Amino acid sequence: MSQQPPPRTVVVLAAGAGKRMKSGLPKVLHPLLGRTLVGHVLSAAAPLAADRTVVVVGHGADQVRAHLAEIAPQATPVLQAEQLGTGHAVRVALAAVPESSGTVVVLNGDVPLLRPETLGGLVEAHERAGAAATVLAAEVPDPTGLGRIVRDADGQLQQIVEQRDTTPDQREIREINAGIYAFDAARLRDALGKLSTENAQGEEYLTDVFGLLRSADEPVAVHVAPDHIETLGCNDRVELTGLRRLLRDRVNEAWMRSGVSLLDPATTWIDVTVALDRDAVVDQNTQLRGATVIGAGAQVGPDVTLVDTLVGPGATVVRSHAVGAEIGPAASVGPYAYLRPAARLAEKAKVGTFVEVKNSEVGVGSKVPHLTYVGDATIGEQSNIGAATVFVNYDGVRKHRTVIGDHARTGADNMFVAPVEVGDGAYTAAGSVIAEDVPAGAMAVARSRQRNIEGWVLKRRAGTAAAAAAERAGQAGVAGVSSGATASEGEAMHAGAEPVGGAHGTGDTATD
Ligand code: UD1
Ligand code: CA
């Protein structure tokens with residue numbers, strides 16, 4: 001716009017009960033892909049740069065106020081104690097901002113698919129024409145329940161008639177009132193003072209303002225929405241689900257057009273607050289929520305839910321769930337991993353199958369491949385954590401940290417009893433309970449020695465299938481001992497002696 005726009009006041013109507021939602025939650029607080037219904041409406045209105053934003057609250061007022069304080073602290077909640085109609089609601093709103101002049105934009109709080117561009121178009125057309133009131137209208141397939149736009153022979157808006165007040169002829173009209181308007185503040189105030197409650201619902205209808213202004217020869221206008229979907233309201237959960245699908249399709253189409261591959265858009269649910277970079281690939285059954293960001297070329301899915309999670313460029317996440325996590329560039333997660341808040345995976349780190357990570361750093365190139373819980377730990381670079389390891393972080397009262405250095409190799413089935421540290425390049429043996437620090441380069445063995453009681457089964461479990469098997473093996477075994485000394489030496493080393501040299505003794509080869 002070339003000219004400075006007049007001052008603007010936005011009024012959002014959100015006091016209704018939303019009875020048909022059958023919910024303990026006020027209707028406008030129901031979530032829809034990353035925002036509440038009222039959150040969507042406020043964000044559509046944000047580019048108007050209004051001087052004041054007033055939200056009329058009533059049912060569930062405390063809950064709505066608390067939500068507004070979080071998402072739109074600049075908005076002023078105004079209480080409409082009794083819901084006496086949309087006209088009454090706007091009257092209450094304007095009484096709270098008596099100084100407001102210029103344009104008053106009124107929006108129903110339950111029309112979440114409205115685009116900022118469409119609202120901006122309505123307001124600009126209204127201001128350009130110097131109209132007293134402009135209504136957003138749309139041609140819909142089924143107008144049942146909605147206010148009808150009644151035009152005269154010249155196509156000029158005559159009045160808006162509520163469903164319950166329509167004549168049979170008017171009921172055939174498919175052009176409806178979206179519940180979104182721009183008004184000239186002074187002329188709106190004047191008309192609101194003249195509203196009656198003589199209608200089917202005994203309410204003060206905001207829509208009657210149009211008939212009143214028209215009778216007074218004030219210019220009123222209709223602005224038609226480019227797509228009727230934008231004007232859909234939400235009255236029950238079936239409609240909410242319908243809106244969610246429509247919004248999903250809109251969001252998904254926008255991402256595909258911006259260079260993201262969605263392999264199955266019908267099962268891909270991306271919150272409006274999520275960002276994806278070019279060449280990201282999202283496979284089926286994937287939900288990306290909240291402040292999640294997906295880096296360039298990352299591959300996410302199938303069967304992934306990410307909440308407030310950062311995924312670095314080139315990372316892969318398969319069949320996993322993450323909340324508040326950071327997945328570094330080219331890192332790999334899953335299948336079947338659970339990343340909890342402050343799980344931070346550095347570049348090329350790996351968190352594999354049935355692994356849970358919480359409040360921990362996994363350093364560059366380090367791997368936690370299988371069946372492991374990592375809690376309150378710092379793992380350095382290029383280290384490998386053996387399978388079935390537990391970072392024992394909780395003493396029943398406090399949480400403690402475990403620190404694993406760089407290039408460490410920890411054995412399978414270890415317990416790290418925090419606070420404890422494993423130094424750079426250190427090894428730990430399989431089955432160890434590591435409760436004391438391990439110096440750099442050391443091998444820690446913390447398990448009892450194995451004792452074999454020869455012939456125990458034959459003596460104590462005589463007559464069992466095990467005993468029979470042992471007997472058969474015993475004969476073979478006797479033959480084996482005479483010809484296979486190396487093998488039995490190996491066995492002896494495993495069972496009793498210190499593990500020596502290499503991954504074999506720590507169980508590490510089993511968990512790479
Ligand atoms: C309203 C319009 C109708 C339009 C439809 C679009 C009127 C009289 N009718 O009908 O022409 O087609 O929206 O969806 O305006 N609210 C309050 N206080 C009240 C009453 C309502 O804050 O006293 C709020 C509701 O919370 C809701 C909005 O106003 O967000 C609309 O109210 P609702 O009762 O849903 O209006 P409709 O009957 O759908
Ligand atoms: Ca109503």
Side-chain angles (χ1 to χ4, degrees), residues 10-21 23 25-30 36-42 45 54-61 63-65 68 77-96 106-114 133 135-140 142-150 157 159-166 170-171 173-181 183 188 191-192 195-212 222 225 228-236 239-240 243:
V10 165
V11 175
V12 176
L13 305 186
K19 271 195 210 115
R20 281 173 284 169
M21 296 298 284
S23 175
L25 194 65
K27 174 164 84 178
V28 294
L29 296 191
H30 278 259
T36 57
L37 297 182
V38 70
H40 281 287
V41 170
L42 286 167
V54 177
V55 180
V56 181
V57 299
H59 278 274
Q63 276 170 283
V64 179
R65 273 201 204 94
L68 290 172
V78 171
L79 184 70
Q80 184 196 23
E82 260 188 294
Q83 281 68 62
L84 303 175
T86 48
H88 179 260
V90 174
R91 211 142 59 73
V92 169
L94 292 186
V106 177
L107 303 111
N108 280 3
D110 62 354
V111 186
L113 300 193
L114 177 68
V135 57
L136 185 70
E139 190 90 31
V140 298
D142 177 13
T144 310
L146 296 165
R148 307 296 205 282
I149 303 291
V150 179
L157 174 65
Q159 55 173 335
I160 301 173
V161 182
E162 291 310 295
Q163 165 90 21
R164 292 208 240 172
D165 302 296
T166 47
Q170 289 169 339
R171 226 163 290 155
I173 299 172
R174 290 195 297 115
E175 190 179 23
I176 59 88
N177 164 26
I180 291 153
Y181 324 84
F183 297 99
L188 171 62
L192 286 172
L195 288 180
S196 88
T197 54
E198 277 163 36
N199 51 55
Q201 300 185 75
E203 292 181 352
E204 286 181 39
Y205 288 166
L206 178 59
T207 44
D208 283 351
V209 163
F210 285 83
L212 287 168
V222 180
H228 80 90
I229 278 170
E230 293 191 50
T231 69
L232 293 175
C234 173
N235 291 304
D236 60 30
E239 287 179 2
L240 181 61
L243 295 177

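It should be emphasised that the depicted structure is a prediction, and the values quoted were computed from it without experimental measurement. First listed ligand is number 1; within each ligand, the first listed atom is number 1.
The only option from Val111, Asn177, Ile180, Ile176 that meets the side chain to side chain contact (heavy atoms under 4.5 Å, CB included) definition with Leu136 turns out to be Ile180. Of the residues Glu162, Arg148, Gln159, the one that meets the side chain to side chain contact (heavy atoms under 4.5 Å, CB included) test with Thr207 is Glu162.
How far CZ of Phe183 is from CG of Leu94: 9.5 Å, rounded to the nearest 0.5 Å. Atom CG of Asn108 and atom OG1 of Thr86 lie 7.5 Å apart (nearest 0.5 Å). Rounding to the nearest 0.5 angstrom, the gap separating the OH atom in Tyr205 from the CG atom in Asp165 is 4.0 Å.
The 12-atom threshold is exceeded at CZ of Arg171, counting heavy atoms of other residues, nucleotides or ligands nearer than 6.0 Å.
Here is the list of ligand 1 atoms found below 4.0 Å of a heavy atom in Ala178: 6 (C). Proximity to Thr86 (heavy-atom distance under 4.0 Å) selects the following atoms of ligand 1: 7 (C), 8 (C), 15 (O), 20 (C), 21 (C), 29 (O), 31 (C), 32 (O). Atoms of ligand 1 found under 4.0 Å from any heavy atom of Gly147 (numbered from 1 in listed order, with element): 3 (C), 4 (C), 11 (O), 12 (O). The contact set between ligand 1 and Ala89, taken as ligand atoms under 4.0 Å from a residue heavy atom, comprises 17 (C), 18 (N), 22 (O). For ligand 1, the atoms sitting less than 4.0 Å from at least one non-hydrogen atom of Ala14 are 22 (O), 26 (O), numbered in the order shown with element in parentheses. For ligand 1, the atoms lying closer than 4.0 Å to a non-hydrogen atom of Gly109 are 30 (O).
Annotation: Asn235 places no N or O atom under 3.5 Å from an N or O atom of ligand 1; distance criterion only. Below 3.5 Å of separation, one finds an N or O of Gly16 facing an N or O of ligand 1. Annotation: Asn177 places an N or O atom under 3.5 Å from an N or O atom of ligand 1; distance criterion only. Between Gly85 and ligand 1, at least one pair of N/O atoms sits closer than 3.5 Å.
Note on Arg91 versus Glu204: salt bridge recorded, some NZ/NE/NH1/NH2 to OD/OE distance being below 4.0 Å.
With a 4.0 Å heavy-atom cut-off, ligand 1 is reached by the backbone of Ala15 and by its side chain too. Contacts between Val111 and ligand 1 below 4.0 angstrom, taking non-hydrogen atoms only, are absent altogether. At a 4.0 Å heavy-atom cut-off, ligand 1 does not touch Glu203 at all. Of all the heavy atoms of His88, none lies under 4.0 Å from any atom of ligand 1, so neither backbone nor side chain is involved.
A 4.5 Å side-chain heavy-atom check between Val12 and Val54 finds every atom pair outside the cut-off. Side chains of Val11 and Leu107 form no contact here, defined as non-hydrogen atoms less than 4.5 Å apart. Side-chain atoms of Leu240 and Met21, non-hydrogen and from C-beta on, do get closer than 4.5 Å to each other.
For atom 13 (O) of ligand 1, the candidate residues are Asp165, Asn108, Val161; the nearest heavy-atom contact is made by Asn108. Considering only non-hydrogen atoms, atom 18 (N) of ligand 1 lies nearest to Gln80 out of Gln80, Glu162, Arg148.
Counting only N and O atoms by type, the side chains of Gln80 and His88 include a donor and acceptor under 3.5 Å apart.
Proximity of Gly58 to ligand 1 is not established, as no heavy-atom distance is less than 4.0 Å.
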